[in-house]
There are 2 protein chains.
Amino acid sequence: MVAKIEHKTRTGCPVACVLDIVGDHWTLLVIRNMMFLGLHEYKDMLETEEKISSSILSNRLKKLETDGLIASIDHPESKRRKLYYLTSMGKDLIHMMLEMVLWANRNIDHLLTIPEDKLLLLKNDPDKFKALVLVQIEEWEKEYLS
Amino acid sequence: MVAKIEHKTRTGCPVACVLDIVGDHWTLLVIRNMMFLGLHEYKDMLETEEKISSSILSNRLKKLETDGLIASIDHPESKRRKLYYLTSMGKDLIHMMLEMVLWANRNIDHLLTIPEDKLLLLKNDPDKFKALVLVQIEEWEKEYLS
DNA sequence: TATATATACTTCTATTATAGAAGTAATATG
DNA sequence: CATATTACTTCTATAATAGAAGTATATATA
């Protein structure tokens, strides 16, 4: 039996509910770290180019865990390290994340600096891109989650 | 010739860029007002159930206009009223918005209070749902934008 | 014409969130 | 045993937010 997770939401509007969970400057970047950059550790997320502050990262990881989008385990090689990973709820954000990226590609192309080939695959075959991302996640899971 | 709009973004990561434009508690609710609720006036947006404050609404409408996601005209019937509407860039957010709603439907269903029939259409035929939303927007445009 | 009201804001203030620096406790490495 | 690494927490200055109140202009009503 799984305890029902409590979210505080402003209203029952799905847009408002989603924003109450991931609607801030940092939460979706943490998700990006795990989903697209394959990061699983605190120290690695601290070092991403957006320079998230230690307190915010800690705070967001906790909220994401409380909200059920991520989970964590001890690193098998060290007790002082933790591994964070996406739950099915977190992984399911891939569709929304991809639409964000595609919107950016269509509308603010000039601001982006991701590699051309990645962008092309994303654009021409978003489903394949999703599948590739999910395969990478699964491979990590096979290795670290028994 | 159209002036290039300047956005300040943390980095060239598409996720970070999109978050710099719409990544806060209120911006996407304003978009929702215009996209799904068919609202076009300040006063109507003030009265939505999330109870946005006047200063935040004003602030977000300005930022959205600066960022090129919405535009505004005087109300044809009254000079003291303004009509806000989505630009093509704003309308193009529909794909992302829909994925947000679908994620909510799949993962936090118990928190939502939108009508069952709307949810069913959304779920079973998201493309039709999108088309309907866009048709409504186009009808408004035909009436108010020459 | 004078007065009241509507609309789209702006201003003010208290509270909350954020960023950045520094500190801490537990573990691991040399 | 000394030093370093990791995952935080704590502190503080700055910025953002919410809510109440005020303002300017346009329109409606007596």
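Chain naming here is simple, since letters A, B, ... match the order of the sequence lines and numbering starts at 1 in each.
In this structure, the CD atom of Glu65(A) is 13 Å from the P atom of dA7(D), given to the nearest Å. Rounded to an integer number of Å, the gap from NZ of Lys82(B) to P of dA26(D) is 14 Å. Rounded to whole angstrom, the span from the CZ atom of Arg81(A) across to the P atom of dA4(D) amounts to 18 Å. At whole-Å resolution of the value, CG in Leu57(B) and P in dT10(C) are 11 Å apart.
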Return a table of donor-acceptor pairs under 3.5 angstrom between the side chains of residues 119-134 of chain B and protein atoms on other chains or two or more places apart.
| from | atom 1 | to | atom 2 | distance (Å) |
| --- | --- | --- | --- | --- |
| Asn124(B) | ND2 | Leu120(B) | O | 3.2 |
| Asp125(B) | OD1 | Lys128(B) | N | 3.2 |
| Lys130(B) | NZ | His95(B) | ND1 | 2.9 |

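Between the side chain of Thr87(A) and the backbone N or O of Leu69(A) there is at least one donor-acceptor pair closer than 3.5 Å. Checking side-chain atoms of Ser58(B) against main-chain N and O of Ser55(B) turns up no donor-acceptor pair under 3.5 Å.
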Contact pattern, 5' to 3', of nucleotides 11-30 of chain C - B, S or - by protein heavy atom under 4.0 Å: B------SBB------BS--
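Scanning all heavy atoms of the two residues, the minimum distance from Pro14(A) to Ile114(B) falls at CD-CG2, 3.6 Å.
By the neighbour-count criterion of 12 heavy atoms within 6.0 Å, atom CD of Glu49(B) is densely surrounded, having more than that number from other residues, nucleotides or ligands.
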Verdict with supporting geometry, Ile31(A) and Phe36(A), side chain to side chain contact (heavy atoms under 4.5 Å, CB included): CA-CA 8 Å; Ile31(A) 297 288; Phe36(A) 298 130; over 6 Å; no
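Both Leu39(A) and Ile52(A) are part of a single hydrophobic cluster, where members link through side-chain heavy atoms under 4.5 Å apart.
For Lys62(B), no side-chain nitrogen or oxygen approaches OP1 or OP2 of dC9(C) to under 4.0 Å.
Contacts with DNA chain C (heavy atom under 4.0 Å) in residues 35-48 of chain A: none are found.
A donor atom on one side chain and an acceptor atom on the other are found under 3.5 Å apart for Ser54(B) and Tyr42(B).
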